[in-house]
Undergrad: 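Below is a structure I'd like to ask you about.
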2 protein chains.
Amino acid sequence: MTDDRRAAGTPTLEDVARAAGVSRATVSRVINGVRNVDPVIQEAVRQAVSVTGYTPNRAARSLVTRRADAVALVVSGAGIEPEAAPEASGNGSEAGTSGDGNSFTAQVFADPFFGRVVTGVVNYLRPRGMHPVLMFAESSRAREEVVAYLRQGSADGALVVSTHAEDPLPALLAEAGLAAVLFARPARPVPVSYVDLAHQDGARLAAEHLLGRGCRRTATISGPLDVPAGQARLTGFRDTMARHGHPYIPVAEGQFTQESGEAAMERLLAEHPDLDGVFAANDLMALGACHVLREHGRSVPGDVAVVGFDDSSAALACRPPLTTVRQPVEGMAAEMTRLLLDRLARPDGPVTSVIFEPELVVRGSA
Amino acid sequence: MTDDRRAAGTPTLEDVARAAGVSRATVSRVINGVRNVDPVIQEAVRQAVSVTGYTPNRAARSLVTRRADAVALVVSGAGIEPEAAPEASGNGSEAGTSGDGNSFTAQVFADPFFGRVVTGVVNYLRPRGMHPVLMFAESSRAREEVVAYLRQGSADGALVVSTHAEDPLPALLAEAGLAAVLFARPARPVPVSYVDLAHQDGARLAAEHLLGRGCRRTATISGPLDVPAGQARLTGFRDTMARHGHPYIPVAEGQFTQESGEAAMERLLAEHPDLDGVFAANDLMALGACHVLREHGRSVPGDVAVVGFDDSSAALACRPPLTTVRQPVEGMAAEMTRLLLDRLARPDGPVTSVIFEPELVVRGSA
DNA sequence: CTGAAAGCGCTAACAC
DNA sequence: GTGTTAGCGCTTTCAG
């Protein structure tokens, strides 16, 4: 409205400088909050900025600062090589699977876990004027793209959440000398920082709770055993049980999906119809287990006590609500983000890991 | 290893040009696939590229092309003004709400709907070498940031998904002349393209199905009535019922959350203990309704038939699985993305809207 | 068909 | 304190 606008498109530093009667450098200083600028001039510049409606051009800035002020949030999958379609979870008209050939992304978001990661990341990034670029890396081609993206300088670093063990991405990033931080310890050691949960302690809490309620014939639905977290939760549960006089615990392996939890529960029930307690390695599987138990005429927690893991929204979606081991995902994601920004600030800083402690949340199911 | 690398950091066009014995311009042409380049030279350049390990610098390219090759995926919320904390959904130790003050992001991902949007967007963007930047715009400050982000040229356009009516963001973007496409028609007309579902048709399908099964005393749990989708689903349901001789249909308003669905079902049951059919405006609320019905000793679908809406993963998490109205979210999100890219290619193209048809998916609950 | 050269908008030495 | 000046790495006329 204030016909101050030149013929040109968006205003540039030059325009602001002219309007304020100073040099580009000075305007730049004011905008970037560099000290040593006369307060009077500062004010004049600010005026000029608002009059011209100036917004700094990110590309130009990045070109010289060599910072994109963006990070990639990568969900990395299995080492599926060429275009291989993920299996697991039925296909066809199943909810959330429709249309799109690639169901990896769909599967990822089926677990409330990932939404919580996003929440934690975004909440840490936002106050710092940064935003995550969402990427999926489930094929080797996709992984190359992630690496290329970072090498191009489109993002300053990567936050990677692996859904499978043996994920090659962390190593690729490390080799390329790119900044990255992982959610969960990699299956094979890689010189990259990560945050993780004390999974064994969590499983111990679950075991002790079940024992405390008087369960004597417990079984467990484990996560995928090639994933460190799945393995650790199983080990923790077994060890605690063994220490309390229960050396043998029936195990059915699941894949962290509700469906696999249902199948696992069916197997467990078939072989051990008299069980009175179940520890599922995540809430989604616990939810599936509850459904199956009910279908088989078992009441929860009356006949069988069920303990989940994560404390995701699925825990509350269940009836009765799940007693579960809380994993502070949002906090862990925020810490992961903090570690990455730290590293960007000091590229030679040490590689570290931060381990969070789980907490038992007692609700109705056990 | 091939000690070709100069002292400098990442290789630049200049380096490739030198290695190939041509000019920067030629290398640029080859990389950008411009015709009119001698095949022999092309090959030489490609060699040089792989030898040097060259990756184009995105900032430098953006600076001249004025394209970021990135789009913002914005989840836009209510018109909450200053730092106001969202209410709804209890606090404290509730799942998914822990720690972080701002629960907007957490709430967003609690509905599987959003994950499906992401899936659709990513699947369309990826083959085109683009990735979405995730942003939340639940406060006026956050909205300004989104606008600033686009004005800075960090993203070429925005895909916006509003969770509430009266969202001011679409208008802000339109005024600023920024490219955007919406998921769902805005409550107030705004000159921006959008994709949407024929909500009334979907509700009609649900009504007809309930009638077809012989339900005579149906009620509905509506979505928030200030949201066009909530309103349309209610209207569609009521109209169809009226047309079939049921002019009065009990309604309880929900907020599209499982919790609100439970509360609504409680109210409905208190006033109409004899109802035999329920249409919930989304699956999450239908899930809540099923739980409450069971707690009150009603079997589903034996005593009360329940139909949901969306066909999200919640539909399968329910026992029995929900009969529901499928909304092709992934396809809609992909189309929304296509519309945005179209618009970026032809900024003067027409503002359009694409309406998708819903489909009834019959499962166990009705 | 290829090269030379002019910037894109900004920051950061370096002078004054 | 502030202005001048040199690029950051790339695309793109414009000559040849």
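Just so we're on the same page: letters track the sequence lines, and every chain starts at 1.
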Undergrad: Output the distance between atom CD (A/Glu335) and atom OG1 (A/Thr352), rounded to the nearest 0.5 Å.
TA: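 Rounded to the nearest 0.5 Å, the CD-OG1 separation comes out at 7.5 Å.
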
Undergrad: Among residues two or more places apart or on two chains, list those pairs meeting salt bridge (charged side-chain N to carboxylate O under 4.0 Å, His left out) that have a residue in residues 36-51 of chain A.
TA: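 Of all non-adjacent pairs touching residues 36-51 of chain A, none passes salt bridge (charged side-chain N to carboxylate O under 4.0 Å, His left out).
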
Undergrad: Roughly how many Å is it from CD1 in B/Ile41 to C1' in C/dG3, rounded to a whole number?
TA: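 My rounded result for the distance is 11 Å.
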
Undergrad: Please determine which of A/Val121, A/Val117, A/Asn123, A/Thr119 meets the side chain to side chain contact (heavy atoms under 4.5 Å, CB included) test together with A/Glu330.
TA: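 When side chain to side chain contact (heavy atoms under 4.5 Å, CB included) is applied between A/Glu330 and each of A/Val121, A/Val117, A/Asn123, A/Thr119, only A/Thr119 qualifies.
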
Undergrad: So, A/Asp167 and A/Ser76: side-chain donor and acceptor under 3.5 Å apart, yes or no?
TA: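 Side-chain D/A pair, A/Asp167 to A/Ser76: present.
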
Undergrad: Roughly how far, to the nearest 0.5 Å, is CD of A/Glu138 from NE2 of A/His164?
TA: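 The CD atom of A/Glu138 is 10.5 Å from NE2 of A/His164, to the nearest 0.5 Å.
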
Undergrad: So how far off straight is the helix from C/dC1-D/dG16 to C/dC16-D/dG1, going by the axes through five pairs at either end, to 10°?
TA: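 It comes to 40° between the two terminal axes.
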
Undergrad: Would you say the side-chain atoms of B/Glu14 and B/Thr12 include a donor-acceptor pair closer than 3.5 Å?
TA: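 Not at all, the side chains of B/Glu14 and B/Thr12 share no donor-acceptor pair under 3.5 Å.
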
Undergrad: If the threshold is 4.0 Å, N to carboxylate O, is there a salt bridge linking A/Glu144 and A/Arg141?
TA: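 Judged by the 4.0 Å cut-off on N to carboxylate O distance, A/Glu144 and A/Arg141 do not form a salt bridge.
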
Undergrad: Give a yes/no answer on whether the side chain of A/Thr26 brings an N or O atom under 4.0 Å of OP1 or OP2 in D/dT2.
TA: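 Indeed not, no polar side-chain atom of A/Thr26 lies that close.
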
Undergrad: Any chance you could list the contact pattern along nucleotides 7-16 of chain C? Use B for base contacts, S for sugar-phosphate-only contacts and - for none, protein heavy atoms under 4.0 Å, 5' to 3'.
TA: -BBBBBB---

Undergrad: So does A/Arg346 pair up with A/Asp342, basic N to acidic O under 4.0 Å?
TA: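 Answer for the salt bridge query: no.
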
